[in-house]
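Chain letters run A, B, ... following the sequence lines, proteins first, then strands; residues in each count from 1. In what follows, every heavy atom counts, from backbone to side chain, and hydrogens, waters and symmetry copies are set aside.
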There are 2 protein chains.
Amino acid sequence: MSAFPPPLAEQPQPPFDEPQLLQLGAPEDEPCLRADAARNRARLLEAAARLVAEHGAAGVTMEAVAVAANVGKGTVFRRFGDRTGLLTALLDHSERKFQAAFLSGPPPLGPGAPPVERLRAVGYALLRRSVDELDLQLAAEPSPERRFSVPARRLLRGHLALLLRQAVPDADSELLSHTLMGYLSPVLIHHLTRQCGLPLERLEAGWDDLVDRVTG
Amino acid sequence: MSAFPPPLAEQPQPPFDEPQLLQLGAPEDEPCLRADAARNRARLLEAAARLVAEHGAAGVTMEAVAVAANVGKGTVFRRFGDRTGLLTALLDHSERKFQAAFLSGPPPLGPGAPPVERLRAVGYALLRRSVDELDLQLAAEPSPERRFSVPARRLLRGHLALLLRQAVPDADSELLSHTLMGYLSPVLIHHLTRQCGLPLERLEAGWDDLVDRVTG
DNA sequence: TAACGAACCGGACCGAGGTCCGTTTAATGT
DNA sequence: ACATTAAACGGACCTCGGTCCGGTTCGTTA
């Protein structure tokens with residue numbers, strides 16, 4: 001196991017119930033990366049993206065990516081830790097945009113709107129984003145043990161908890177935020193839209209309703 | 001892929017929004033199994049259980065089980081389909097007891113109590129059961145694509161949807177039931193209790209609160 | 001009881017994720 | 001320019017889940 005660079009948001013795991021200040025990760029990619037490392041990283045991401053476009057996210061093997069990038073297999077793992085890390089890196093751009101939007105973008109997603117409206121907005125935004133990148137998000141799904149340690153998800157959950165705390169101060173926001181996260185999880189969205197054929201509108205209505213009930 | 005016997009509850013996938021009549025699977029195990037097959041099945045389950053007890057669920061490999069049962073590796077897969085199937089079979093007994101309890105047991109879990117109370121009860125029961133078998137349940141976690149097709153979960157979700165329909169007829173019970181399922185999912189329970197150290201009481205209180213909000 | 005076919009058995013085999021470690025190379029200091 | 005060293009490289013190697021298929025066994029029918 002290795003000390004490969006932190007991908008998305010913050011790294012250390014604050015104790016569960018802590019207020020947990022929200023902050024993005026480094027503004028750019030890896031802080032300082034050796035020239036060859038940076039070059040290979042770029043090559044790998046490009047190769048991976050191409051393979052995803054060609055064969056779908058599911059059919060992308062680590063070895064194939066390595067070969068396509070003219071790089072050793074070990075290098076892939078050194079850089080991205082594991083398969084999930086590589087796929088996650090592919091989603092990094094979109095993820096950062098999303099984070100910026102709900103952390104400091106214009107209302108109702110960003111600060112300025114009342115918390116309940118922000119809750120609605122963040123659900124909509126996530127649903128929209130997910131239906132686009134569903135394949136990749138699904139393939140990037142981390143193993144059950146790490147699912148809740150993924151920085152991006154910790155950040156989002158913290159955000160939901162914050163909004164909930166503002167909207168319903170007398171509730172257990174931590175637990176409720178987990179409930180809301182469940183509704184927005186890529187696997188569920190995939191199941192409902194792709195496997196069950198529900199239209200996006202119904203999921204959005206469901207989110208509205210859920211937010212109403214939870215904050216009501 | 002194979003036609004290995006249906007493990008827990010019903011098999012065919014009814015269209016999403018259907019009323020979905022609830023029914024258990026066969027009262028006993030596989031309907032009719034050849035003598036040697038039944039013998040090997042028993043051996044395998046026994047061996048698997050022993051290995052779980054010794055090395056924990058995570059450290060149980062299919063080959064090890066096969067060896068411990070004096071059986072070929074292919075036989076394990078023929079019988080149980082895949083690793084998840086084997087682990088799931090280990091949970092079968094407990095699962096059936098749970099199903100029987102909420103389908104036809106005494107109130108408030110079984111029929112007879114008002115739906116909201118039954119909702120509360122099923123949550124309590126599941127939380128209790130999960131904290132016991134957490135390791136196994138975690139190891140038996142199916143791959144994301146199949147998570148919602150697992151018969152036992154389909155059955156439970158259908159049950160929740162039914163109770164919700166009775167308790168809040170004007171809501172989208174299907175969607176809400178998924179939300180409730182999320183709160184009760186083994187991975188979340190594991191994360192909250194084991195990784196975050198929340199006491200079971202808090203999870204129970206959270207379930208109470210969630211049911212109130214959702215049905216309120 | 002002999003014969004037959006379906007179901008079952010077993011272990012060689014494969015693919016893919018992940019690790020290891022000897023070698024190479026980029027940055028830094030002299 | 002050269003030495004030094006930490007970092008990066010690469011591919012052989014390992015593990016483990018899952019498949020395949022030739023041989024075997026059970027249960028049935030004649």
Side-chain angles (χ1 to χ4, degrees), chain A residues 1-5 29-45 47-48 51-52 55-90 139-146, chain B residues 1-5 29-45 47-48 51-52 55-90 139-146:
Chain A
M1 204 43 72
S2 49
F4 63 97
D29 263 340
E30 323 315 333
C32 52
L33 214 49
R34 231 173 67 172
D36 50 352
R39 173 181 49 95
N40 283 338
R41 182 186 151 87
R43 274 191 196 171
L44 283 167
L45 284 178
L51 288 183
V52 167
H55 311 115
V60 172
T61 79
M62 295 303 264
E63 181 125 21
V65 174
V67 169
N70 267 316
V71 147
K73 199 176 170 184
T75 303
V76 192
F77 284 91
R78 154 178 300 274
R79 190 57 46 210
F80 298 101
D82 58 8
R83 191 184 136 91
T84 293
L86 173 60
L87 271 345
T88 301
L90 245 31
E141 189 72 6
S143 66
E145 310 89 62
R146 289 165 205 159
Chain B
M1 208 38 74
S2 49
F4 62 97
D29 263 339
E30 323 316 334
C32 52
L33 215 49
R34 231 173 71 172
D36 50 352
R39 173 180 50 94
N40 283 338
R41 180 186 153 88
R43 275 191 195 170
L44 283 167
L45 284 178
L51 289 183
V52 167
H55 311 116
V60 173
T61 79
M62 295 303 263
E63 182 125 19
V65 174
V67 169
N70 267 315
V71 146
K73 197 178 171 184
T75 303
V76 192
F77 284 91
R78 154 177 299 274
R79 190 55 48 206
F80 298 102
D82 59 8
R83 191 184 136 91
T84 293
L86 174 60
L87 273 343
T88 302
L90 246 30
E141 188 75 8
S143 65
E145 309 91 62
R146 289 164 206 160

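At whole-Å resolution of the value, CZ in A:R41 and P in D:dA7 are 18 Å apart. In this structure, A:K73 atom NZ and C:dT19 atom P are separated by 11 Å, rounded to whole Å. Nucleotide D:dT24 holds its P atom 16 Å from the CZ atom of B:R78, rounded to whole Å. Regarding B:L86, its CG atom lies at a distance of 15 Å from the P atom of D:dC16, rounded to whole Å. Distance CZ (A:R43) to P (D:dC9): 10 Å, rounded to an integer number of Å.
Remark: A:T88 OG1 to A:E141 CD distance equals 9.5 Å, nearest 0.5 Å. The CZ atom of B:R39 sits 10.0 Å away from the CZ atom of B:R34 when rounded to the nearest 0.5 Å. Between B:K73 atom NZ and B:T61 atom OG1 the span is 8.0 Å, to the nearest 0.5 Å.
The side chain of B:D36 sits closest to C:dC8 out of D:dT19, C:dC8, D:dC13.
Here B:N40 reaches the OP1 or OP2 of C:dC9: one of its side-chain N or O atoms lies under 4.0 Å away. The side chain of B:T75 places an N or O atom within less than 4.0 Å of a non-bridging phosphate oxygen (OP1 or OP2) of C:dG10. Taking only side-chain nitrogens and oxygens, B:R79 comes nearer than 4.0 Å to OP1 or OP2 of C:dC8.
Counting only heavy atoms from C-beta outward, the side chains of B:R79 and B:L45 never approach each other to under 4.5 Å.
Residue-to-nucleotide proximity on DNA chain D shows that, of B:A35 and A:V71, the 5′-proximal contact is made by A:V71. Between B:T61 and B:R39, it is B:T61 whose nearest contact on DNA chain D lies nearer the 5' terminus.
Checked by distance alone, B:R34 brings a side-chain donor or acceptor within 3.5 Å of a matching partner on the base of C:dA7.
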